[in-house]
Amino acid sequence: MNNKPLTDTPEWRQLVRQASSMKHASMRELFAADASRASDLCLEACGLFLDYSKNLVDRQTMHQLLALAQTCEVHPAAERMFGGERINQTENRAVLHTALRERREDVSICVDGEDVLPAVREVLDQMGRFSDAVRSGDWVGHTGKRIRNIINIGIGGSDLGPAMAYEALKPYSQRDVQVQFVSNVDGTHLAEALLGLNPEETLFVVVSKTFTTQETMTNAQSAREWLLDTMEDEASVARHFVAVSTNKEAVSAFGIDPANMFVFWDWVGGRYSMCSAVGLTLMLAIGKENFGRMLDGFHAMDRHFMEAPYDQNMPVLLGLLGIWYNNFLGAQTHAVLPYDQYLARFAAHLQQMDMESNGKYVNEDGITVRWQTGPIIWGEPGTNGQHAFYQLIHQGTKLIPADFIGFCKSHHPMGDHHDKLLANFLAQTEALAFGKTRSEVEREGVQGPLVPHKVFMGNRPTNTILADQLTPEVLGSLTALYEHKVFVQGVIWQVFSFDQWGVELGKALASKILPELVAEDEVELSHDSSTNALIRRIRAARRS
Ligand code: G6Q
């Protein structure tokens with residue numbers, strides 16, 4: 001599209017007009033007028049069923065949104081990504097997380113003329129050998145004891161994806177090994193994780209692309225000291241620490257045996273890295289076969305995204321629906337509500353994936369965009385949310401599109417728990433879409449001033465994503481679905497989805513403040529008056 005202002009395209013203008021008529025559309029009427037709405041506005045792919053009929057759209061809206069994807073050249077952009085072009089232009093890098101889960105033997109994916117797939121397979125094999133050794137007890141600690149505790153030390157992209165997937169795939173994990181993820185530089189996180197652990201049975205997986213991240217290196221150093229307090233032998237570090245990184249020198253300098261380093265590449269972005277060696281802790285927990293099944297699921301969604309026409313393409317449809325609410329109906333946020341306790345960390349992972357990718361106000365040419373970009377992503381597992389924030393989704397003044405994610409079968413078919421969970425899952429989207437009118441409330445015998453409080457306006461849009469069970473394959477497909485949805489939106493909004501310069505300023509200021517906080521003597525502070533006063537207050541409190 002040559003970065004023509006998005007808002008000047010005929011497709012955008014048409015959608016603006018469409019929005020003014022659809023703003024007041026009634027989901028009851030949309031369903032009543034179209035008997036095949038539910039059976040048409042749905043789609044099945046890669047083990048996932050998407051019902052998008054409970055959205056504030058009609059067929060014309062969908063048609064117009066699909067035309068927008070066409071004019072914004074979403075598919076050609078995806079081809080550039082999958083083909084290894086340096087689409088992360090501000091960092092001059094290719095973006096090839098899809099190569100990490102390429103399962104076909106007969107293809108090659110080249111960066112600068114070199115096929116990256118042999119190296120991908122080599123690292124996967126190395127991870128497989130290591131996880132087999134740890135899981136079987138062949139890999140022992142410095143004093144010959146079996147590994148019983150694994151602590152992943154990493155933050156952001158080196159934490160959230162694998163932590164989410166570990167939680168999600170717990171039923172597939174080896175239960176006699178305790179796995180924890182430590183990310184926060186707050187010493188409380190590491191201290192609580194180490195509590196009661198025997199260093200002789202503990203393995204640390206330090207995950208850091210750069211191996212310079214303040215939080216991760218601070219936690220890794222403290223973990224090293226904790227180990228050496230007991231072991232009193234520097235050589236023990238090599239048996240109790242392994243590293244996942246792109247920075248070989250820094251890993252060796254830490255004392256980690258380069259043989260126990262698992263590499264990845266600059267073309268793997270942190271928040272898209274869980275299929276790389278960054279997933280080592282996950283593989284240690286669930287084993288290489290289950291990890292491979294998860295990669296199969298990711299790959300299946302990658303193929304679907306590349307091969308399905310726009311109107312049958314799940315990431316494209318979810319991306320377009322998100323744009324509809326974000327850019328045309330004024331929604332500020334998007335809720336992700338999994339009805340599965342195992343997906344407790346799913347929203348947190350999506351939050352980074354989406355908000356770090358598309359939370360940008362300049363376009364690819366560095367010009368401030370005149371349209372809204374990435375939404376605020378948030379969510380909690382159902383049914384917990386129903387007893388907390390759903391009130392606002394049902395009766396608040398804000399439009400909150402939501403994705404409801406559920407599974408037909410539970411890993412724990414205990415009594416009627418799952419029947420109740422699913423009944424709630426279905427009831428919520430029905431209530432949100434169709435609400436309860438004044439006359440329905442009155443027919444139930446409610447009268448007088450109470451009536452308006454019991455009315456539900458409805459027309460609250462939801463997508464329902466349903467799968468048979470939360471398996472490794474399904475988790476892979478589901479996660480890739482959101483990765484590609486974010487990609488579709490980034491292309492349409494014309495932002496660079498694969499950099500994250502917005503995290504830099506805070507980091508730089510923290511490095512400046514750190515010595516000021518800890519200086520023995522009075523130091524001259526050069527911040528604004530608020531920050532200066534807060535620094536002085538903290539210094540004074542810590543001295544007293
Ligand atoms: C993700 C970001 C960021 C990154 C962390 C950790 O896309 O780049 O969250 O993953 O800052 O970085 P390191 O892996 O280099 O420690």
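Ligands are counted one by one from 1 in listed order, and the atoms in each one are counted from 1 as well.
- Using modelled atom types and a 3.5 Å distance limit, the side chains of Thr90 and Asp499 yield a donor-acceptor pair.
- Scanning all protein heavy atoms for the shortest distance to atom 1 (C) of ligand 1 gives Glu356 OE1, 3.1 Å.
- Contact atoms of ligand 1 toward Gln352: 1 (C), 2 (C), 3 (C), 7 (O), 9 (O) (distance under 4.0 Å to a heavy atom of the residue).
- Distance check for atom 7 (O) of ligand 1: a protein heavy atom is found below 4.0 Å.
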Side chains of residues 125-134: which donor-acceptor partners sit under 3.5 Å, not counting sequence neighbours?
from	atom 1	to	atom 2	distance (Å)
Gln126	NE2	Met261	O	3.0
Ser131	OG	Met127	O	3.4
Ser131	OG	Gly128	O	3.4
Asp132	OD2	Lys288	NZ	2.7

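- Heavy-atom proximity to Gly156, at under 4.0 Å, picks out these atoms of ligand 1: 9 (O).
- Here the side chain of Asn327 pairs no donor or acceptor atom with the backbone of Trp371 at under 3.5 angstrom.
- Every atom of ligand 1 with a heavy atom of Ser208 under 4.0 Å away is listed here by number and element: 13 (P), 14 (O), 15 (O), 16 (O).
- Close approach to Thr213 involves these atoms of ligand 1, each under 4.0 Å from a residue heavy atom: 12 (O), 13 (P), 15 (O), 16 (O).
- Closest to atom 10 (O) of ligand 1 among all protein heavy atoms lies Gly157 N, 3.0 Å.
- Between Thr216 and ligand 1, a contact under 3.5 Å exists for no N or O pair.
- Side-chain atoms of Ser273 and Ser276 include no donor-acceptor pair closer than 3.5 Å.
- Residues Asp354 and Arg271 are not paired through a salt bridge, judged by the lack of any N-O separation under 4.0 Å between the basic side chain and the carboxylate.
- Looking at Glu215 and Lys507, no side-chain N of the basic residue comes within less than 4.0 Å of a carboxylate O on the acidic one, giving no salt bridge.
- The distance from ligand 1 to the heavy atoms of Thr210 drops below 4.0 Å at these ligand atoms: 13 (P), 15 (O), 16 (O).
- Between the side chains of Thr531 and Asp528, a donor-acceptor pair is found at a separation under 3.5 Å.
- In this structure, the protein non-hydrogen atom closest to atom 5 (C) of ligand 1 is Ile155 O, 3.5 Å.
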